[in-house]
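Quantities reported herein were computed from a predicted structural model and do not represent experimental measurements.
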Amino acid sequence: MAGTTAFSLCAVSPSSQLQLDRGADRQRICGESSRSSSVRNLSQNVENLILRSKREFSLGSTACFFGGPARFTFQAQSAIASQLRVQLPSPTSQATDAATLDRDAAALIEHLTKREDLRNIAIIAHVDHGKTTLVDAMLRQANVWRQNQAVQERVMDNNALERERGITILAKNTSITVGDIKINILDTPGHADFGGEVERVLNMVDGVLLLVDAVEGPMPQTRFVLRKSLELGLKAVLVVNKVDRPASRPDEVVDMSFDLFCELGASDEQADFETVFCIGLSGKSGKDWNALEDNLQPLFDSIRRLPPPTVVRNGPLQMMVTSLDYDEHKGRIAIGRIRSGVLRKGQDIVIAMPDTTPRKARISDMFVFENFGKVPVTEASAGDIVAVTGLDDVSIGETVCDKDNVNPLVPLKVQEPTVRMEFCVNTSPFAGREGKYVTSRNLRDRLYKELEKNVSLRVEDTDSADKFLVSGRGPLHLGILIETMRREGFEFAVTAPNVILKEIDGHMYEPWEDAHVEVPSEYTGTVVDFLSRRKGQMVNMHTSDNDSITYLHYIMPTRGLLGLRNALLTATRGTVIFNSQFRTYEPIAGDLERRETGSLVSMEAGTTTPFALARCQERGSLFIDPGTDVYEGMVIGIHSRPGDLPLNACREKQLTNMRSAGKDNTVVLIPPVRMSLDDSIEYISADEIVEITPKSVRIAKKDRAGSLRQKSSK
């Protein structure tokens, strides 16, 4: 900088430019009473203006420059540097004269460095659009494995539940080297219920690959993850995948994606995205979907053109912990991106959060992600994504700081939960038969341990020591936790999921969601009837070119979606494709029925017999086989009519001189409905619970004997 040119911040786009001068604008930014260099003591209008500037003028970590006529106090520089996710060097004074401003601005610029040898990217998309399959192809073409090495498909989905369900649940790190550039890749979940994982890892990257299916186009989760990326000032590369599908429409999908960028308030720079067409399964890509190359080089070239990390290499150490792992030998592993400074093995550090007491620790071991594993290193610098051990009590959102310069980053903020369930100690007659951990202390300790790594989860104690309120982003989010605990040997019970209400201006509001349905046209009327009866409001409806598929867009309360998926699958013979995404909170829509039919309930304890089940199946669909142990109040099937019906499923045929026990062999039973854990959670009503053990999943009435007496007296 020359002369008296002071610090300024300008965000430039092809059509607009923001310049803030020292006069009225500085008063609006800093306020008269804001004189502290600490970001957390700045007035709220600083953060609001900076965030608005980022959103409207693509003021991201690489889309800014310093210079020009505007002057800022050091407080404003600190706020801007914090929002740009870089560390400002300590000032020599708090004066606001031009010379000091020049010196502080020059010091900031001098410390900012671009890591041209590194790219940190996340792959974001809707569920089943091919993220993990594309990562497989990228790893394969980067020569991570030997040519003759046997590698399983979707290698990043290394969790047993992920492989069984075919979806990504946890965000994961890997890296490849292309030419002279190392690319850190973060594979993210695609289901809306795991959006907290996406929000968490986006803080570690500088660009994203937005993956969109060439047939389906942008879907609800596409909107969510893209909005979060744009709010952080990240630049995207649009990757249109599966262009070889028979019904693909790549050009139309590109136009739909551009409209989505504009709708979500992307800046001119963000909306000017590169587009790459690819077939992730076969590892082909190109700029023209009609002439793809037999490799992913066009995709790698687009990644190279994404912004490199802008860091402060010579500043004090800052690393926010964004993920936790565990090793039985090394203990807890903290994963995060170094924002500023250098981190070394054996270094003494401080773990801190704003408004908390810092605590000292020491780095035992340090690793970086290389190819498909972790490689030990002795030193890493700003911009690197590292995994460190020795921090036994660290939590997600805490900052690893220099021991002589403790300046924690603003903690992670993720979208609040919308659904809650009650986790209870199992009190059924079969309690304790199959589980290893059955007490309330075991259950409480496990739930609170989950909070250490599951940033979207909330756990609350209740008036009863045997019950806990657990809140999450959706039934699937909580269902994965339940299934994980079940496989660990826990035995417990859960109630039906309920939405979380909010009081706004004295009125109660409930969460509403965008629901997108794809269904064969012959079932359109059935689906519309289902959604309308659950308070759904149609936004749009259109058909495919040959009128064989109908696409529906509804907004509806989350309450109406609970238990809806199985009902739609049954009504459409498994042909419906249903997706939803949280929209906003709206006034309560009124009463609605969650289930139209009642349950068949066992009125006796014992072992079921073919003779009894043959008569029970006349009243509805059964869940159980002959020879199954049941207890009083256990739900054994679905009643064909509204209301519950008590039945005796253990009755044996009375033997006489004219009949023999072998006559039961001629009884013809309809195969029972196999209820999975997810099916059971979706099925139950407010007066029912799901009993969960490592070996069994049962449905029962909350008040087992009382409900049967009430039914019998009618």
Self-check item: Audit row: Tyr683, Phe623, ring pair (Phe, Tyr, Trp, His ring centres under 6.0 Å) steps and yes/no
Solution: CA-CA 12 Å; Tyr683 171 79; Phe623 297 154; 5.7 Å; yes

Could [X] and [Y] be counted as a cation-pi pair, given that NZ or CZ must be under 6.0 Å from the ring centre and within 45° of the axis?
X      : Y      : result
Lys502 : Tyr585 : yes
Arg444 : Tyr448 : yes
Arg533 : Phe530 : yes

Practice problem: Before accepting this row, confirm whether a basic side-chain N of the pair Asp678/Arg565 lies closer than 4.0 Å to the acidic partner's carboxylate O. | Solution: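 Between Arg565 and Asp678 there is no salt bridge, as every charged N stays at least 4.0 Å from the carboxylate O atoms.
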
Quiz item: Any Lys/Arg nitrogen of Glu688 or Lys701 sitting under 4.0 Å from an Asp/Glu carboxylate oxygen of the other?
Solution: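 Looking at Lys701 together with Glu688, the answer is yes, because their closest N to O distance falls below 4.0 Å.
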
Exercise. Report the residue from Leu478, Ile482, Val494 that forms a side-chain contact (heavy atoms from CB on, under 4.5 Å) with Val470.
Key: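 Looking at Leu478, Ile482, Val494, the match for Val470 under the side-chain contact (heavy atoms from CB on, under 4.5 Å) is Leu478.
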
Non-hydrogen atoms of [X] and [Y] that approach each other most closely:
X      : Y      : value
Leu501 : Met508 : CB-CE, 3.7 Å
Ala571 : Thr526 : CB-CG2, 3.7 Å
Ser428 : Glu691 : OG-OE2, 2.9 Å
Leu561 : Ala515 : CD2-CB, 4.5 Å
Pro557 : Leu592 : CG-CD2, 4.3 Å
Leu202 : Leu232 : CB-CD1, 3.7 Å

Would you find more than 12 non-hydrogen atoms of other residues, nucleotides or ligands less than 6.0 Å from [X] atom [atom1]?
X      : atom1 : result
Lys702 : NZ    : yes
Asp591 : CG    : no
Phe258 : CZ    : no
Met538 : CE    : yes

Just by modelled atom types, is the [Y] backbone N or O under 3.5 Å from a matching donor or acceptor in the [X] side chain?
X      : Y      : result
Gln270 : Ser267 : yes
Glu510 : Glu586 : no
Lys235 : Glu269 : yes
Thr558 : Pro511 : yes
Thr597 : Arg641 : no
Ser464 : Asp466 : yes
Arg420 : Val459 : no
Asp644 : Ser599 : yes
Thr462 : Lys467 : yes

Once rounded to the nearest 0.5 Å, what's the spacing between atom [atom1] of [X] and atom [atom2] of [Y]?
X      : Y      : atom1 : atom2 : value
Met485 : Leu447 : CE    : CG    : 4.5 Å
Leu234 : Leu210 : CG    : CG    : 11.5 Å
Leu211 : Thr222 : CG    : OG1   : 9.0 Å

Quick one: are [X] and [Y] in side-chain contact, heavy atoms under 4.5 Å?
X      : Y      : value
Val519 : Phe578 : no
His477 : Leu457 : yes
Ile396 : Leu324 : yes
Ile549 : Thr543 : no

Looking just at side-chain N and O atoms, do [X] and [Y] make a donor-acceptor pair shorter than 3.5 Å?
X      : Y      : result
Asn579 : His126 : yes
Glu491 : Asn426 : yes
Asp529 : Ser532 : no

Quiz item: Residues in side chain to side chain donor-acceptor pair (under 3.5 Å) with Glu488, at least two apart?
Solution: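 Checked Glu488 against side chain to side chain donor-acceptor pair (under 3.5 Å); matches are Arg446.
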
Quiz item: Can you check whether Phe423 and Phe468 have ring centres sitting under 6.0 Å from each other?
Solution: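 Judged by ring-centre distance (under 6.0 Å), Phe423 and Phe468 do not meet the cut-off.
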
Quiz item: Can you check salt bridge (Lys or Arg N to Asp or Glu O under 4.0 Å) on Arg473 and Glu416, steps first, answer last?
Solution: CA-CA 7 Å; Arg473 297 282 280 265; Glu416 292 295 320; over 6 Å; no

